[in-house]
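Written below as structure tokens is the structure these notes are about.
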Amino acid sequence: MSWLNWKGLRADGHAAQALLAVGGVATVASILLPRLEFGADALKLCLQISVAITAATLFLSAFFIHRIVDDRRQIAESEQRFRRAMEDSAIGVAIVGLDGRIQQANPAFAAMLGYTRAEIEALTFPQITHPDDLLIGRETMLNVREGKISSYHFEKRYLRKDGTPVWAQLAGSVILDEDTGKPLYLVSQIEDIDARKQAEARIAEAETRWNFALTSTGQGVWSLDMRKGGTTYSETWVKMLGYADGELDGDPERWLTMIHPDDRGRVAEADRAHLAGETPFFEAEFRMRHKDGHWVWILDRGKTIERDAEGRLIRAIGSLTDITERKEAEARLMVSAAMLADEKERLRVTLQSIGDAVICTDAANRITFMNPVAERLTGIAVGEALGKVLGHVYWAVDEESGQRIGLTRPSASERPSCDQNTRAVLVRRDDTRCSIRQVVSPIMNDRDEFCGLVIVFQDFTDARALQRQLAYAAAHDALTGLANRSSFIRTMEELVDQCRLNGGEHQFMFVDLDHFKAVNDTGGHAAGDALLKRVADTLRNVLGQEDVVARLGGDEFAVILKAGAAARGPVAARSIIDAIRNLNFNWDGRPHSIGASIGLAPIRAGCGEVDEIIARADAACYAAKAAGRGCVSAAPDEDVRDEMAQTPLAAAS
């Protein structure tokens with residue numbers, strides 16, 4: 001404004017000076033003319049002209065002085081209006097020199113960037129411009145200097161005093177010199193558009209996410225607007241069907257013609273129902289023909305968003321999703337489900353038909369299946385058992401210890417395996433029991449997670465009884481019930497090993513019946529067998545419970561005295577001889593009398609192997625028979641070097 005004021009005053013000043021020069025010339029002429037030699041008329045004329053010029057000069061001078069004063073007043077008012085407009089403007093205003101320095105800035109611009117006016121007027125525009133936007137400012141200033149532009153309009157980022165960026169919109173004009181036409185400075189208006197830019201960024205980001213979500217999920221969008229003449233489809237959707245963007249836009253009925261004939265009627269009815277307001281939204285799954293001819297499964301969802309006064313459709317919008325893979329997976333699942341159902345039925349029939357009992361549980365140990373055999377063995381119906389904890393239905397204990405056999409899931413560190421038990425006993429609710437053989441197998445899924453148990457068990461009562469019978473028969477004499485030779489030998493081997501390791505001593509007796517052959521000869525083998533049973537009972541009655549009695553074969557018996565000192569051997573042997581002699585055995589009304597001869601041998605460390613001990617006792621028994629029968633003979637110790645005759649222990653000893 002100062003420059004404008006100066007320009008106006010300079011023009012009016014030039015005019016005033018011209019008038020003063022004219023007036024001066026007229027005054028000089030009025031003084032000089034009388035001195036010249038002109039005629040009276042000429043002189044009078046010159047004087048009249050001089051007076052006229054002087055009067056005109058004075059009039060024009062007064063006019064121009066008034067004009068100058070009026071112009072100054074108008075310029076001052078204009079400058080005041082500009083200053084108020086600049087000071088009170090809600091947007092930033094700045095006067096910038098061609099060197100980029102801020103010559104003047106209004107409070108709005110300073111406040112926008114967090115500076116005071118003094119601070120911002122000491123800066124240049126490059127100093128407050130974001131580094132990424134410096135180029136646009138340089139290009140604009142270059143075009144201004146070269147006179148290529150007289151105004152400018154663009155968006156850029158400034159830097160606030162705290163360093164944070166702020167978006168602004170610039171609109172400015174170039175002020176030119178009136179005489180030369182060269183640019184003098186720039187007047188810029190700066191509007192804060194940071195909030196708008198952030199909103200646009202959020203909208204763009206949301207739109208990007210939306211488009212990405214639609215694309216990544218195979219979804220497209222359609223929009224029907226009857227005012228605009230038809231339907232438009234998103235690029236994603238038309239690509240699903242092999243078309244180019246915009247190729248399917250227009251006819252709102254075209255999509256129905258592309259639907260598979262088997263689906264068209266159902267889809268058209270769903271569309272009609274929604275258009276009629278019978279349903280809140282449209283939804284249908286159907287097949288549409290791809291441009292190359294194959295069928296694509298589509299899930300279409302839509303909703304009317306505007307109707308006219310008569311309820312006719314104006315606008316609708318919806319989405320389309322390619323569900324071909326899902327439909328193919330469903331078809332495969334249907335086939336798999338049918339096959340699984342068949343397999344499950346075959347398994348059910350198999351489990352119902354087999355002779356083994358089967359119980360299945362889930363991971364929480366609740367029963368999920370029982371076959372009829374399991375119902376019969378447990379005594380509980382399947383309807384009552386399903387959903388119950390296994391322990392309420394199936395309780396198995398160890399046959400020997402009586403402790404419950406736990407059925408637990410494998411730990412994470414264990415490899416799942418089947419657990420077999422042939423000594424289990426099933427305890428029923430009524431406290432009856434049956435021997436069973438069980439196999440417990442864990443159920444693991446494909447992630448090695450425990451899902452439950454399968455318990456397969458059989459009624460093993462008869463087999464267990466037979467096993468016990470066979471085991472008893474293998475270890476006992478069939479006639480007398482005493483331990484047989486093989487069982488007795490195993491027992492002796494164990495005792496010999498114990499004596500070698502831990503010390504101690506036991507006594508071994510070899511018992512041979514006297515006069516037994518006569519009973520067989522006169523009464524027959526039946527009489528002999530009956531007599532052997534009596535002898536076996538007599539031996540058990542005479543000896544203690546810890547002592548071992550066995551029949552080695554024929555009329556030969558063996559005894560191991562496990563308890564007592566070494567002196568107990570002769571006493572126990574004497575008791576046996578007396579008890580057998582006193583047997584009152586009659587067969588067919590005829591009495592029979594027998595006796596017994598016994599050989600003794602110690603069982604202790606250093607006594608040799610089992611067959612050596614038996615051989616020494618057998619030799620002692622023969623010595624007893626040679627001494628007259630009915631007596632006891634002890635084998636000599638192993639460390640006796642001279643061969644002493646074995647001394648019989650007479651009946652009187």
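Here the structure is a predicted model, which is why all the values come from computation and not from measurement.
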Walk me through whether R429 and E384 qualify under salt bridge (charged side-chain N to carboxylate O under 4.0 Å, His left out). CA-CA 13 Å; R429 281 186 179 178; E384 182 184 356; 2.8 Å; yes
- Stepwise, does the side-chain contact (heavy atoms from CB on, under 4.5 Å) test hold for I95 with Q103? CA-CA 5 Å; I95 299 175; Q103 297 177 356; 3.7 Å; yes
#### Entry: Stepwise ring pair (Phe, Tyr, Trp, His ring centres under 6.0 Å) test for Y394 and F457
CA-CA 11 Å; Y394 183 83; F457 55 102; 4.9 Å; yes
(request) For side-chain contact (heavy atoms from CB on, under 4.5 Å), just list the numbers for L186 and M141, CA-CA rounded to whole Å, side-chain angles, deciding distance to a tenth of an Å, and then say yes or no. (result) CA-CA 9 Å; L186 295 83; M141 191 63 72; 4.0 Å; yes
- Task: Please report the C-alpha distance between M370 and T378 in whole Å, then the side-chain angles of each, then the deciding distance to 0.1 Å, and finally whether the side-chain contact (heavy atoms from CB on, under 4.5 Å) criterion is met.
- Result: CA-CA 10 Å; M370 281 180 66; T378 60; 3.6 Å; yes
Mind running side-chain contact (heavy atoms from CB on, under 4.5 Å) on W297 and R326 for me, showing each step along the way? CA-CA 9 Å; W297 273 100; R326 194 196 83 190; over 6 Å; no
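In summary, the side chains of W222 and D300 do present a donor paired with an acceptor at a separation below 3.5 Å, with no hydrogens or angles considered. No side-chain donor from either of E139 and N143 sits under 3.5 Å from a side-chain acceptor of the other. In this model, a donor atom of one side chain and an acceptor atom of the other lie less than 3.5 Å apart for S188 and Y152.
Under the 4.0 Å criterion applied to side-chain N and carboxylate O atoms, R266 and E269 are not assigned as salt-bridge partners. Salt bridge R101/E121: absent, no basic N to carboxylate O contact under 4.0 Å. A salt bridge is absent between D177 and K182; no separation between the charged side-chain nitrogens and carboxylate oxygens falls under 4.0 Å. Taking a cutoff of 4.0 Å between a charged side-chain nitrogen and a carboxylate oxygen, R254 and E247 do not qualify as a salt bridge.
For the pair T124 and D99, the minimum side-chain heavy-atom distance is 4.5 Å or more. E155 places a side-chain heavy atom less than 4.5 Å from the side chain of K197. For the pair L299 and E283, the minimum side-chain heavy-atom distance is below 4.5 Å. Contact annotation: the side chain of L113 approaches that of I128 to within less than 4.5 Å [non-hydrogen atoms, C-beta and beyond]. Looking at heavy atoms from C-beta onward, F460 lies out of side-chain contact with C434 at the 4.5 angstrom threshold. For the pair L224/M226, a side-chain contact is recorded, criterion being any heavy-atom separation below 4.5 Å from C-beta on. C451 is not listed as a side-chain neighbour of D362, based on a closest heavy-atom distance of 4.5 Å or more. Proximity of V439 to D356: side-chain heavy atoms (C-beta onward) are nowhere separated by under 4.5 Å.
For the atom pair CZ (F109) and CD1 (I91), the distance works out to 11.5 Å, reported to the nearest 0.5 Å. With rounding to the nearest 0.5 angstrom, the CD1 atom of I323 is 7.0 Å from the CD atom of E330. Atoms OH and NE2, from Y243 and H290 in turn, are 8.5 Å apart once rounded to the nearest 0.5 Å. Taken to the nearest 0.5 Å, the NZ atom of K156 stands 8.0 Å off from the CD1 atom of I136.
For the pair M112 and D192, the tightest heavy-atom approach, listed with the atom from each and the gap, is SD-CB, 3.5 Å. A pairwise comparison of heavy atoms in I298 and D322 identifies CD1-CA, 4.3 Å as the closest pair. When every heavy atom of V382 is checked against every heavy atom of E375, the shortest pair comes out as N-OE1, 2.8 Å. Contact between A108 and S89 at its shortest, heavy atoms only, is CB-O, 3.4 Å. Closest heavy-atom contact between P442 and L453: CA-CD2, 3.9 Å.
Between H260 and W295, the ring-plane angle classifies as tilted under the 30° and 60° cut-offs.
By the 6.0 Å and 45° rule, R404 stacks over the aromatic ring of W395.
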